[in-house]
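What's counted below: heavy atoms across the whole structure, side chains too, no hydrogens, waters or symmetry copies. In this text the structure is predicted, and so the values were computed from the model without any measurement.
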Amino acid sequence: MTPPGVVRRGGIVQKKAVIGGTAAAAVVIGLGACWAIDRSVEAQATERGTCGSATWELSAEAEDGGTEVSAELQSSGPGEAWEVALLRGDTSLLTGARTTDEDGEIDVDAFSSGNPGDATYSVTFTPADGEPCTATLGS
């Protein structure tokens, strides 16, 4: 006697085919999820730290076929003059003088070719009267 939900065709029980197909689909979905998680890890990287009385953050994120590189400095007060140099390896992405805003922050962004994990990014914030503060992200 064949239990309900099981079909016999030519002596083969069809229930095994359904279970096998479901197991294969679960493996494919699991591998796809691992690939997506791995890709998102490579798609963004961030480092944070301190330098003297300032804190900094440097990040690189995949965007529009390249990488958006962002650097932020939080210093002790508004109106401070700083020189900023943002690099991808030895290539300058942004340089120039910046002044901290009313919250004592400087935020700079630049776009670079390639993926975030393909290069080393660095930013150097140098105050008018102090030591440079350098942050590095990547290999």
Rounded to the nearest 0.5 Å, what separation is found between the CZ atom of Phe111 and the CD atom of Glu63? 7.0 Å
Heavy-atom closest pair, residues Ser75 and Thr100: OG-CG2, 3.4 Å
Can you measure from OG (Ser113) to CZ (Arg88) and round to the nearest 0.5 angstrom? 5.0 Å
Same apolar cluster (I L V M F W Y, side chains within < 4.5 Å links), Leu137/Val69: yes
Indicate the atoms forming the closest heavy-atom contact of Thr126 with Pro132, along with that distance. OG1-CB, 3.5 Å
Separation of Leu86 CG from Ser92 OG (nearest 0.5 Å): 7.5 Å
Atom CZ in Arg98, atom OG1 in Thr95: separation rounded to 0.5 Å? 8.0 Å
Tyr121 versus Asn115, closest heavy-atom pair with distance: OH-O, 3.7 Å
Assigning hydrophobic clusters by single linkage (Ile, Leu, Val, Met, Phe, Trp, Tyr; side-chain heavy-atom cutoff under 4.5 Å), is Leu93 placed with Val108? yes
Which atom pair, heavy atoms only, marks the closest approach of Ala60 to Thr67? CB-CG2, 3.7 Å
In terms of heavy-atom contacts, does CG of Asp90 have more than 12 from other residues, nucleotides or ligands at under 6.0 Å? no
State the OG-CG distance between Ser59 and Asp109, to the nearest 0.5 angstrom. 8.0 Å
Calculate, to the nearest 0.5 Å, the distance between atoms OG and CG belonging to Ser112 and Leu94 respectively. 12.0 Å
Looking at every non-hydrogen atom in both residues, tell me the closest pair between Ala71 and Phe125 and how far apart they are. CB-CZ, 4.0 Å
Decide yes or no on side chain to side chain contact (heavy atoms under 4.5 Å, CB included) for Thr46 and Glu57, but give the supporting numbers first. CA-CA 7 Å; Thr46 301; Glu57 179 176 299; 3.7 Å; yes
Less than 3.5 Å apart, any donor N or O on the side chain of Thr124 or Thr134 sitting next to an acceptor on the other? yes
Quick check against the 3.5 Å criterion: does Gln74 have a side-chain atom that pairs as donor or acceptor with the backbone of Asp103? yes
Do Leu58 and Thr136 pass the side chain to side chain contact (heavy atoms under 4.5 Å, CB included) test, and can you show the C-alpha distance, the side-chain angles, and the key distance before you say yes or no? CA-CA 7 Å; Leu58 177 61; Thr136 303; 5.6 Å; no
